[in-house]
Amino acid sequence: MDHKIVEIAPPGPVDNPHAYWPEKLRREFDEHQFSGNVGNVLVSETDRVRVWHLSLPPGGWLTFHRHVLDYFWTTPSVGIARGYYEDGRIVDVHHYSGETRHFRHGKGEYFVHGIENVGDTELIFVTVEFLPGDNPPIPVPDDARLAGHRLSPASTGAVDA
């Protein structure tokens with residue numbers, strides 16, 4: 001089980017970290033850097049947690065998003081995720097089945113990135129964000145929630161159809 005990180009590009013210049021990115025990627029960062037959609041679909045939400053699913057086929061893309069809450073993710077899949085980071089870094093992360101990582105965000109701390117599947121297998125992640133936290137959660141639009149269900153942050157786990 002090997003978690004390997006390969007740097008593709010170092011951080012960009014401090015005054016313009018995305019200087020070396022293609023224009024399309026810079027625009028996408030500008031448009032989505034404040035998104036709270038940390039997966040493809042929010043499948044469950046209570047007053048304590050948000051549970052996200054992320055599935056990326058080879059060549060798939062999850063646009064830029066911002067993490068402000070404490071969270072963890074786990075993956076049952078093996079594959080390579082290319083991460084594009086706010087500081088301009090581009091890295092390939094080699095994931096193994098069962099890999100799980102935990103992250104903490106203190107008051108005012110955050111993390112912005114986008115993910116591209118550059119491998120030849122589907123990448124699958126489950127991300128659990130913890131509510132409440134040191135930072136307020138980023139609102140999530142209804143279209144990010146599991147289709148056909150309405151989830152409420154104040155719910156007790158029950159899903160209304």
Side-chain angles (χ1 to χ4, degrees), residues 1-7 11 17 28-57 60-119 121-161:
M1 293 188 235
D2 189 25
H3 174 85
K4 182 170 73 170
I5 298 175
V6 178
E7 186 174 74
E28 186 144 350
F29 176 85
D30 290 341
E31 291 172 13
H32 297 282
Q33 66 175 308
F34 295 102
S35 171
N37 293 5
V38 303
N40 299 114
V41 61
L42 178 60
V43 297
S44 180
E45 185 175 13
T46 72
D47 58 344
R48 299 194 50 156
V49 297
R50 286 179 176 170
V51 180
W52 293 85
H53 286 183
L54 171 60
S55 174
L56 291 177
W61 169 253
L62 178 67
T63 194
F64 292 97
H65 53 279
R66 183 174 297 249
H67 293 275
V68 297
L69 301 170
D70 295 348
Y71 72 101
F72 75 87
W73 57 254
T74 189
T75 180
S77 60
V78 173
I80 305 170
R82 180 163 292 165
Y84 298 85
Y85 297 89
E86 182 177 30
D87 66 1
R89 276 179 304 132
I90 303 171
V91 299
D92 283 356
V93 181
H94 297 250
H95 295 287
Y96 60 87
S97 180
E99 181 177 8
T100 302
R101 301 285 170 177
H102 297 259
F103 300 88
R104 171 140 173 61
H105 291 97
K107 188 163 182 68
E109 295 177 341
Y110 66 92
F111 172 59
V112 178
H113 69 137
I115 305 166
E116 179 183 13
N117 182 348
V118 295
T121 60
E122 180 180 26
L123 287 173
I124 299 168
F125 294 89
V126 174
T127 300
V128 177
E129 297 180 294
F130 296 101
L131 302 166
D134 289 339
N135 300 302
I138 298 172
V140 175
D142 284 341
D143 65 358
R145 290 174 163 79
L146 187 61
H149 292 77
R150 215 150 191 263
L151 304 175
S152 167
S155 73
T156 59
V159 178
D160 299 327

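The figures that follow rest on heavy atoms only: side chains count, while hydrogens, waters and symmetry mates do not. Quick note: residue numbers are just sequence positions, from 1.
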On a heavy-atom basis, which atom in S97 and which in P76 lie closest, and how many Å separate them? OG-O, 2.9 Å
Is N135 reaching over with its side chain to a backbone N or O of V68, donor-acceptor style, under 3.5 angstrom? yes
Kindly compute the distance separating CG (D92) from CD1 (I5), expressed to the nearest 0.5 Å. 10.5 Å
Taking side chain as C-beta onward, heavy atoms only, is P132 less than 4.5 Å from L69? no
Validation row: Y85, V91 side chains within 4.5 angstrom (heavy atoms): yes
Side-chain H-bond candidate by donor/acceptor type, T63 with E28, under 3.5 Å: yes
Do S55 and E122 meet the criterion of a side-chain donor-acceptor pair at a distance under 3.5 Å? yes
Does the T121 side chain pair with the main chain of V78, one donor and one acceptor, at a distance under 3.5 Å? yes
With a 6.0 Å cut-off on the ring centroids, do F111 and H67 count as close? yes
Any side-chain heavy atom of F130 sitting closer than 4.5 Å to one from F72? yes
Aromatic centroids of H65 and H32 separated by under 6.0 Å: no
Is there side-chain contact between E86 and F64, with at least one heavy-atom pair below 4.5 Å? no
For the CG atom of L123 and the CG atom of L54, what is their distance to the nearest 0.5 Å? 7.5 Å
Side chain proximity check, D134 to H105, heavy atoms < 4.5 angstrom: no
Checking T127 side chain against W52 main chain: does a donor-acceptor pair fall under 3.5 Å? no
Evaluate the side-chain proximity of E109 to K107: yes if any heavy-atom separation is below 4.5 Å, no if none is. no
Report yes if the side chains of L42 and V51 come closer than 4.5 Å at any heavy-atom pair, otherwise no. no
Is any side-chain heavy atom of L131 less than 4.5 Å from a side-chain heavy atom of R48? no
Between the main-chain N or O of V126 and the side-chain N or O of T74, is there a donor-acceptor pair closer than 3.5 Å? no
Could you tell me whether a side-chain N or O of D87 sits under 3.5 Å from a main-chain N or O of R89, the two making a donor and an acceptor? yes
Tell me whether T100 contacts the main-chain N or O of G98 through its side chain, where contact means a donor paired with an acceptor under 3.5 Å. yes
Centre-to-centre under 6.0 Å for F125 and H95, is that the case here? yes
Check the pair E99 / W73 against side-chain contact (heavy atoms from CB on, under 4.5 Å), numbers first and verdict last. CA-CA 8 Å; E99 181 177 8; W73 57 254; 3.6 Å; yes
Of all residues at least two apart in sequence or in a different chain, which pass the side chain to side chain contact (heavy atoms under 4.5 Å, CB included) check with P57? none
Let me know which of R66, R50, R104 forms a salt bridge (charged side-chain N to carboxylate O under 4.0 Å, His left out) with E129. R50
Working to the nearest 0.5 Å, report the span between CD of E116 and CD1 of I80. 11.5 Å
Heavy atoms of V140 and A144 approach each other most closely as CG1-CB, 3.5 Å
Aromatic plane relationship, Y84 with W61 - under 30° parallel, 30 to 60° tilted, over 60° perpendicular: perpendicular
Which residues pass the ring pair (Phe, Tyr, Trp, His ring centres under 6.0 Å) test with Y110, sequence neighbours left out? none
Report the distance from atom OG of S77 to atom CG of N117, rounding to the nearest 0.5 Å. 8.5 Å
